[in-house]
K.L.:
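A single structure is presented below for examination.
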Amino acid sequence: MVEVIVISSSMVRPENINQSGHTKIHLSPYDLKLLNFLYPQRGLLFPKPDQETNIIPRLKASLSTALEIYFPFAGRLVKVNNQEDNTVSFYIDCDGSGAKFVHAKADSVSINDLLQPHDSAPGFKRCFFPANDLKSYDGVSEPLLAVQITEMRDGVFISFGYNHMVADGTSFWKFFNTWSKICMNDSSSNIQPLVLKDWFLDGIDYPIHIPVSENVTPSRFEIPTKERVFHFTKKNISDLKAKANGQIGSTTDLKVSSLQAVLAYLWLSIIKHSGLNRDEKTHCIVAADMRRRLNPPLEAECFGNVTHQVMATAAVGEVLDHGLGWAALEINKQVKTLTNENYKTFGENWVKNLMVAPKISGGSRKVDTYLIVTSSPWFEVYENDFGWGKPIAVRAEPGTGFGVSLIVFRGLEEGSIDVDATIPLSLWSDELLNHYMI
């Protein structure tokens with residue numbers, strides 16, 4: 001039996017806190033729609049440093065410096081009860097309360113134990129993450145960022161969980177890269193100051209008032225799942241992209257991307273062996289960075305949550321009959337709708353309707369028909385060096401209870417992609433073991 005022992009748990013605060021000048025960050029419709037979403041949790045596996053390298057004090061000190069730059073992560077979510085209209089509102093108070101820092105040991109666990117090839121993810125992996133089951137609204141009483149350092153027999157696993165209303169993946173990985181650079185160089189020189197997102201919808205009063213009835217925590221489905229990591233080499237991806245575009249042919253001027261071909265392949269493979277009826281609807285939800293899609297575009301470096309999602313929907317039979325190219329093109333068409341106009345329209349409609357909790361009827365079986373794609377192969381996860389070497393693997397803790405989770409990462413080999421997939425047992429088939437696997 002694997003034993004993960006927590007050595008210490010503490011709060012790391014920014015190196016310098018200006019208590020007289022708290023920044024208040026208002027939350028947009030695109031932030032508030034994530035109120036009931038789980039903290040994203042990711043982790044990097046590193047080789048074990050030399051015994052002389054005292055990593056915990058170094059990591060703590062550098063995190064404190066990094067939080068001075070990325071100060072929203074050291075703040076807290078504030079909930080305001082507006083009794084005059086029976087609503088609630090939220091904002092981020094950048095008060096310097098700090099981030100949670102957990103130091104743990106798992107001396108019996110090796111790198112090979114964590115990276116089990118051709119098998120399910122190890123059951124103990126959940127203990128390697130610091131923010132299990134936390135949702136965005138928990139930020140009123142929980143840190144907006146938690147990190148965990150787990151020392152293993154022959155490696156170190158550095159994991160984190162963060163409040164998605166504060167930042168998206170683009171912003172978080174830039175923070176993580178800054179932290180690693182400060183730790184490696186023992187200096188914060190040449191680090192650019194933070195540029196906060198300053199894009200807000202015109203004609204909307206902030207903070208946004210949400211009816212109390214919409215602030216009810218939705219019920220959570222506990223669905224048994226299996227987790228696998230699908231590995232696509234550069235050649236795998238090239239072949240899939242060529243096949244998808246070849247099937248599309250001259251029917252359209254559109255061409256699908258490498259990632260769209262990979263996602264379509266997984267969508268097709270999972271539903272092919274799922275046992276879903278041909279007339280059931282299946283959905284593939286994809287997120288994208290909106291910074292450069294807005295008009296005028298935002299700075300690529302701006303901090304915050306600036307993502308938006310689109311959903312490709314089709315009958316199971318349609319996807320199976322039309323195949324890879326058609327499925328990839330359906331995803332492509334939806335991504336093309338991620339425009340400045342549609343982004344603004346969504347925000348305006350959200351404020352009018354104020355539906356915070358996802359409304360999905362039909363119980364757990366209906367939820368199973370959703371494939372939710374998160375993260376991106378553009379994130380530079382393997383460039384983070386804290387001073388004793390770059391990571392050798394990246395893993396995720398997606399939680400349970402909502403459809404098929406596909407968390408996309410850049411692979412270790414150049415041009416490759418890894419997809420950390422969590423699939424409900426109701427959709428699982430051992431036939432998937434014959435597909436691209438680590």
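Note that the coordinates shown come from a computational prediction; the quantities given were computed from them, not determined experimentally. Residues: numbered from 1 along the sequence shown.
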K.L.:
Just by distance, no angles: are the side chains of Asn305 and Thr307 close enough, under 3.5 Å, to form a donor-acceptor pair?
P.N.:
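Yes, Thr307 and Asn305 have a side-chain donor paired with an acceptor closer than 3.5 Å.
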
K.L.:
Please enumerate all residues that pass side chain to side chain donor-acceptor pair (under 3.5 Å) together with Arg76, with sequence neighbours excluded.
P.N.:
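Side chain to side chain donor-acceptor pair (under 3.5 Å) list for Arg76, sorted by chain: empty.
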
K.L.:
Would you check if there is a donor-acceptor pair between the side chains of Ser89 and Asn82 at a distance under 3.5 Å?
P.N.:
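Side chains of Asn82 and Ser89: pair found under 3.5 Å.
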
K.L.:
Quick one: does any side-chain atom of Ser274 pair with a main-chain N or O of Leu276 as donor and acceptor, under 3.5 Å?
P.N.:
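Yes; judged by distance alone, with no hydrogens or angles, the pair exists.
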
K.L.:
Any side-chain donor paired with an acceptor under 3.5 Å for Asn132 and Glu397?
P.N.:
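Result is no, nothing qualifies.
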
K.L.:
Can you pull out every salt bridge (Lys or Arg N to Asp or Glu O under 4.0 Å) where at least one residue sits in residues 378-388? Sequence neighbours excluded, please.
P.N.:
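Passing the test, one end in residues 378-388: Glu383-Lys390.
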
K.L.:
Tell me whether Thr87 contacts the main-chain N or O of Gln83 through its side chain, where contact means a donor paired with an acceptor under 3.5 Å.
P.N.:
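No, the answer is negative, given that no donor and acceptor are paired below the 3.5 Å cut-off.
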
K.L.:
Okay, side chain of Arg410, backbone of Ser416: is any donor-acceptor separation there less than 3.5 Å?
P.N.:
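Judged by distance alone, no pair lies under 3.5 Å.
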
K.L.:
For Phe101, give me all partners under ring-ring contact (aromatic ring centres under 6.0 Å, His included), at least two apart in sequence or on another chain.
P.N.:
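ring-ring contact (aromatic ring centres under 6.0 Å, His included) list for Phe101, sorted by chain: empty.
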
K.L.:
For the residue pair Lys33 and His308, confirm or rule out a side-chain donor-acceptor distance under 3.5 Å.
P.N.:
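Short answer, yes.
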
K.L.:
Apply the ring pair (Phe, Tyr, Trp, His ring centres under 6.0 Å) test between Phe172 and each candidate in Phe73, Phe379, Tyr39; give the one that qualifies.
P.N.:
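One option only clears the test, and that one is Phe73.
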
K.L.:
Looking at Gln260 and Ser257, would you say the former's side chain and the latter's main chain have a donor-acceptor pair under 3.5 Å?
P.N.:
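Yes; judged by distance alone, with no hydrogens or angles, the pair exists.
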
K.L.:
Would the Phe303 and Phe71 ring centres measure less than 6.0 Å apart?
P.N.:
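Between Phe71 and Phe303, which both carry aromatic rings, the centre distance is not below 6.0 Å.
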
K.L.:
Side chains of Gln148 and Ser159: donor-acceptor distance under 3.5 Å anywhere?
P.N.:
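No pair is found: no donor N or O on one side chain lies under 3.5 Å from an acceptor on the other.
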
K.L.:
Does a side-chain N-to-carboxylate-O contact under 4.0 Å join Arg42 and Asp420?
P.N.:
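Salt bridge absent between Arg42 and Asp420.
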
K.L.:
If we ignore angles and hydrogens, is there a donor and acceptor under 3.5 Å between the side chains of Thr345 and Asn342?
P.N.:
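Distance-only check fails for Thr345 and Asn342.
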
K.L.:
Centre-to-centre under 6.0 Å for Trp350 and Tyr30, is that the case here?
P.N.:
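No, they do not, as the ring centres are separated by 6.0 Å or more.
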
K.L.:
Hey, are Asp95 and Ser97 close enough side-chain-wise for a donor-acceptor pair under 3.5 Å?
P.N.:
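Yes, Asp95 and Ser97 have a side-chain donor paired with an acceptor closer than 3.5 Å.
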
K.L.:
What residues form a ring-ring contact (aromatic ring centres under 6.0 Å, His included) with Tyr91, not counting sequence neighbours?
P.N.:
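Testing Tyr91 for ring-ring contact (aromatic ring centres under 6.0 Å, His included), a comparison that skips the adjacent residues, returns none.
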
K.L.:
Between Phe46 and Phe157, is the gap from one ring center to the other below 6.0 Å?
P.N.:
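No; Phe157 has its ring centre 6.0 Å or more from that of Phe46.
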
K.L.:
Would you find more than 12 non-hydrogen atoms of other residues, nucleotides or ligands less than 6.0 Å from Glu84 atom CD?
P.N.:
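Yes.
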
K.L.:
Any donor-acceptor pair under 3.5 Å linking the side-chain atoms of Lys60 with those of Ser10?
P.N.:
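Lys60 and Ser10 do have a side-chain donor-acceptor pair below 3.5 Å.
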
K.L.:
Going by atom types only, do Thr53 and Trp388 share a side-chain donor-acceptor pair under 3.5 Å?
P.N.:
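Note: Thr53 and Trp388 side chains miss the donor-acceptor criterion.
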
K.L.:
Not counting sequence neighbours, which residues clear salt bridge (charged side-chain N to carboxylate O under 4.0 Å, His left out) with Lys333? List them please.
P.N.:
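Lys333 satisfies salt bridge (charged side-chain N to carboxylate O under 4.0 Å, His left out) with Glu330 only.
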
K.L.:
Going by atom types alone, do Ser189 and Ser187 pair a side-chain donor with an acceptor below 3.5 Å?
P.N.:
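Side chains of Ser189 and Ser187: pair found under 3.5 Å.
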
K.L.:
Without hydrogens or angle criteria, can the side chains of Ser171 and Arg291 be said to hold a donor-acceptor pair below 3.5 Å?
P.N.:
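Yes - a donor-acceptor pair under 3.5 Å links their side chains.
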
K.L.:
Tell me if a side-chain donor or acceptor on Arg153 pairs with a main-chain N or O of Ser108 at a distance below 3.5 Å.
P.N.:
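A pair under 3.5 Å: yes.
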
K.L.:
Please check if the side chain of Arg293 supplies one atom and the backbone of Asp289 the other of a donor-acceptor pair under 3.5 Å.
P.N.:
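Such a contact is found between Arg293 side chain and Asp289 backbone.
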
K.L.:
Could you tell me if Thr313 and His283 have a donor-acceptor pair between their side chains, going purely by distance under 3.5 Å?
P.N.:
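The answer is yes; a qualifying pair exists.
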
K.L.:
List the residues meeting salt bridge (charged side-chain N to carboxylate O under 4.0 Å, His left out) with Lys174, not counting sequence neighbours, and say none if there are none.
P.N.:
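For Lys174 the salt bridge (charged side-chain N to carboxylate O under 4.0 Å, His left out) partners, ignoring immediate neighbours, are Glu301.
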
K.L.:
Under 3.5 Å, is there a donor-acceptor pair between the side chain of Ser269 and the main chain of Tyr265?
P.N.:
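Indeed, once roles are kept as given, a pair shorter than 3.5 Å links the two residues.
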
